[in-house]
Amino acid sequence: MPTITHENVDELNAIVTIELSQDDYLPKVNTKLKEYRQKAQIKGFRPGKVPMGMIKRKFGTGLLVEEVNGAIGENLNQYFKENDLRILGQPLAIEDKNLKLSINKPADYTFKFELGLAPNFDIQGVSSDNQLPFYDLSVSDEEVSLEIENVRKKYSNGFQEGITEVQDEDMLAISLQELDENGAIKEGGVTKEETFLALRDVKNESLKEDLLSATVSDSFDINIYTIEDKDEAYIRKHVLGLEEDQTVNETFRLTIKEIKRVKKADLNEEFFKQLFPNEEIDSEESFREKVKSEIYKGYKQSSLNHFSNLVFDFLLEQNQLDLPLEFLKKWLKQTNEEITDDFFESKDFDAFIKNTNWSLIRDKLAEQYQVNVEYKDVEDMTRGEILRYFNYQIPPYGEMMDNMLQKILSDQKEVNRRFDMLMDERILEKTAEDMGKDMKAVSKEEFEEILKTYQESKNPPAVEETVEEAETVTEE
């Protein structure tokens, strides 16, 4: 077994020494050399008959280096674990110019490494005496009415008939005809007999005003590239269906062929039961109360998310840890060729230090609150992301979902990112329960302004937040 010792230079730096004897690595090297000999295909020799000397010359030193490095890594990790040494970054080898590894002269080796140590600390600031603002959002009657209208449209059962006047939320069935330089329909020009245009997508205010005052069969000559707030390539491909090299004039005649307006779901017990199958709702009044409570749930979650971000900021402020900065700089330069000294004067380095601080705080809190994240939690989180992306129009389990999960989670970086997100979320949720809350009643608009100010102060924002509408109304 290798002999390992370490000596603290100070509270944040140490030197670890590992002594390897030949018995710690050479038997494995010899075993691998024999395996190579059996498999080697070298011209002039039958398989398995290549002289061992030739195999050693060709592969020996490389295999020796590989086994020595493996023995170092495995035994150091075990030593750190047994001695509760919490290191930052990775051990950095101290160069020994007299040390040479060769299969021709295997020997006992001594290696020394610099270590950056994590500081010993106790979490400061987690107390109900430390109060942070918690925003309690009110829900207005107007918001409830708007959400009910949105839900009725989402659960519509077709379109109304005989609509002749255009409104903001309508969909128009239109035709498009290319015009020539004289303003006449171009012979052999591009024609779309029927396509659809949602009024909400029309960003050209002049065109929108014309459409809102129009009726079926009315026509307008327009610059086709202003029909939607999209680039020219998008309009050519998705609106006109053109080939890449196809030329076309920019002026088209838009004609309204039909006005399509959603037929909203009726406010009756059947509709109430469809939305809330586990609730007894028998009147429009009780339905409104239920919708209001669901909106409030969404607002409260947004408030909790923001409160968690304030807790995060507060913890970082209260726990500004001492770190082995010089070691970390050296480690970053050795492991990232692109990093120069200028990096250490940049905001990117400040962010690195902040993330390192938080990682140490998070580990301590995870231990304190006994928070854990399993792979299944990561999988469930990703499943939810996929369902929301497809607006819950796909089954949550089965081959289709399994294939998408496998594709996303085959990337270890994606797994790690989601693991960190879940760990942060759970730790901050637990910590928030032990923090004081200074309750402040605000409206949705006031809260949005608070979030905007908070995000702008982050430069860039640390967390993107939005006040969600009551999506849960349509998800139950």
Side-chain angles (χ1 to χ4, degrees), residues 142 145-267 271 386-394 400 404 466 469 471 474:
E142 182 182 354
S145 297
L146 180 61
E147 179 60 22
I148 288 175
E149 289 302 292
N150 289 336
V151 175
R152 290 179 67 193
K153 291 173 192 171
K154 188 169 184 177
Y155 284 79
S156 68
N157 53 4
F159 294 95
Q160 299 180 38
E161 297 180 358
I163 302 299
T164 58
E165 295 181 352
V166 180
Q167 294 181 3
D168 259 327
E169 298 173 356
D170 288 340
M171 175 83 72
L172 302 182
I174 62 174
S175 65
L176 295 168
Q177 297 170 293
E178 183 183 359
L179 303 183
D180 61 23
E181 289 72 10
N182 299 316
I185 294 174
K186 182 179 178 181
E187 185 176 351
V190 173
T191 297
K192 292 284 287 186
E193 291 296 339
E194 184 174 85
T195 189
F196 295 95
L197 178 65
L199 263 292
R200 66 174 180 272
D201 293 333
V202 178
K203 303 302 180 185
N204 184 323
E205 290 300 327
S206 176
L207 173 59
K208 192 167 187 176
E209 286 182 16
D210 287 340
L211 293 174
L212 284 171
S213 62
T215 187
V216 175
S217 77
D218 283 355
S219 295
F220 304 92
D221 293 350
I222 64 167
N223 181 329
I224 192 62
Y225 299 118
T226 65
I227 192 171
E228 291 185 30
D229 189 23
K230 304 288 186 180
D231 59 29
E232 181 175 325
Y234 179 94
I235 300 296
R236 287 176 57 85
K237 181 176 180 180
H238 296 286
V239 176
L240 298 178
L242 299 178
E243 301 293 336
E244 288 189 12
D245 58 351
Q246 191 172 352
T247 59
V248 66
N249 290 329
E250 64 180 24
T251 307
F252 275 70
R253 181 160 297 158
L254 179 157
T255 302
I256 300 174
K257 302 185 72 174
E258 186 180 1
I259 303 169
K260 303 181 80 66
R261 186 173 302 161
V262 167
K263 187 177 182 180
K264 301 173 188 175
D266 294 328
L267 290 174
F271 179 57
I386 294 170
L387 287 172
R388 287 190 293 275
Y389 180 82
F390 287 101
N391 199 27
Y392 297 86
Q393 299 301 309
I394 63 173
M400 181 180 181
M404 286 188 282
T466 56
E469 295 294 341
E471 291 183 356
T474 60

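These numbers come from the heavy atoms of this one structure, side chains and all, not from hydrogens, waters or symmetry mates.
- Atoms CE and CD1, on Met171 and Ile163 in that order, are 14.5 Å from each other to the nearest 0.5 Å.
- Remark: Asp229 CG to Asn204 CG distance equals 10.0 Å, nearest 0.5 Å.
- The two residues Ile224 and Ile235 come nearest to each other via the heavy atoms O-CG2, 3.7 Å.
- Listed for the Asp180 side chain is a donor-acceptor partner under 3.5 Å among the backbone atoms of Asn182.
- Between the Thr215 side chain and the Thr164 main chain, a donor and an acceptor come within less than 3.5 Å of each other.
- Closest non-hydrogen pair, Leu240 versus Lys192, comes out as O-CD, 3.7 Å.
- Distance check, rounded to the nearest 0.5 Å: CD1 of Ile222 to CZ of Arg253 gives 11.5 Å.
- Ser213 approaches Asp210 most closely through the heavy-atom pair OG-O, 3.0 Å.
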**Asked** Going through the distances and angles, do Lys208 and Asp168 end up as a side-chain contact (heavy atoms from CB on, under 4.5 Å)?
**Response** CA-CA 9 Å; Lys208 192 167 187 176; Asp168 259 327; 3.4 Å; yes
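- Between Thr195 and Ile174 there is a side-chain heavy-atom pair separated by less than 4.5 Å.
- The minimum heavy-atom distance linking Tyr225 with Val248 is given by the pair OH-CG1, 3.7 Å.
- The CD atom of Glu209 sits 7.0 Å away from the CD atom of Glu205 when rounded to the nearest 0.5 Å.
- The side chain to side chain contact (heavy atoms under 4.5 Å, CB included) with Phe252 is formed by just one residue from the set Val190, Asp221, Leu179; it is Val190.
- Residue Val202 forms a side chain to side chain contact (heavy atoms under 4.5 Å, CB included) with just one option from Leu197, Thr226, Leu172, and that option is Leu197.
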Expected list for residues 255-264: side-chain donor-acceptor pairs under 3.5 angstrom, two or more places apart:
from	atom 1	to	atom 2	distance (Å)
Thr255	OG1	Ser219	OG	2.8
Lys257	NZ	Glu193	O	3.0
Arg261	NE	Asp170	OD1	2.7
Arg261	NE	Asp170	OD2	3.4
Arg261	NH2	Glu165	O	2.6
Arg261	NH2	Asp170	OD2	2.8
Lys264	NZ	Glu149	OE1	2.4

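- The side-chain heavy atoms of Val166 and Leu199, taken from C-beta on, include a pair separated by under 4.5 Å.
- Here the shortest heavy-atom pairing between Glu178 and Gly189 reads OE1-CA, 3.4 Å.
- Annotation: the span from Leu211 atom CG to Leu254 atom CG amounts to 6.0 Å, rounded to 0.5 Å.
- Identified under the side chain to side chain donor-acceptor pair (under 3.5 Å) test for residues 234-245, with sequence neighbours left out: none.
- Pairing each heavy atom of Ala265 with each of Tyr155, the nearest pair is CB-O, 3.5 Å.
- Counted within 6.0 Å of OH on Tyr389, heavy atoms from surrounding residues, nucleotides or ligands total 12 or fewer; the atom is thus considered open.
- Residues passing the side chain to side chain donor-acceptor pair (under 3.5 Å) test with Lys153 are Glu169, sequence neighbours excluded.
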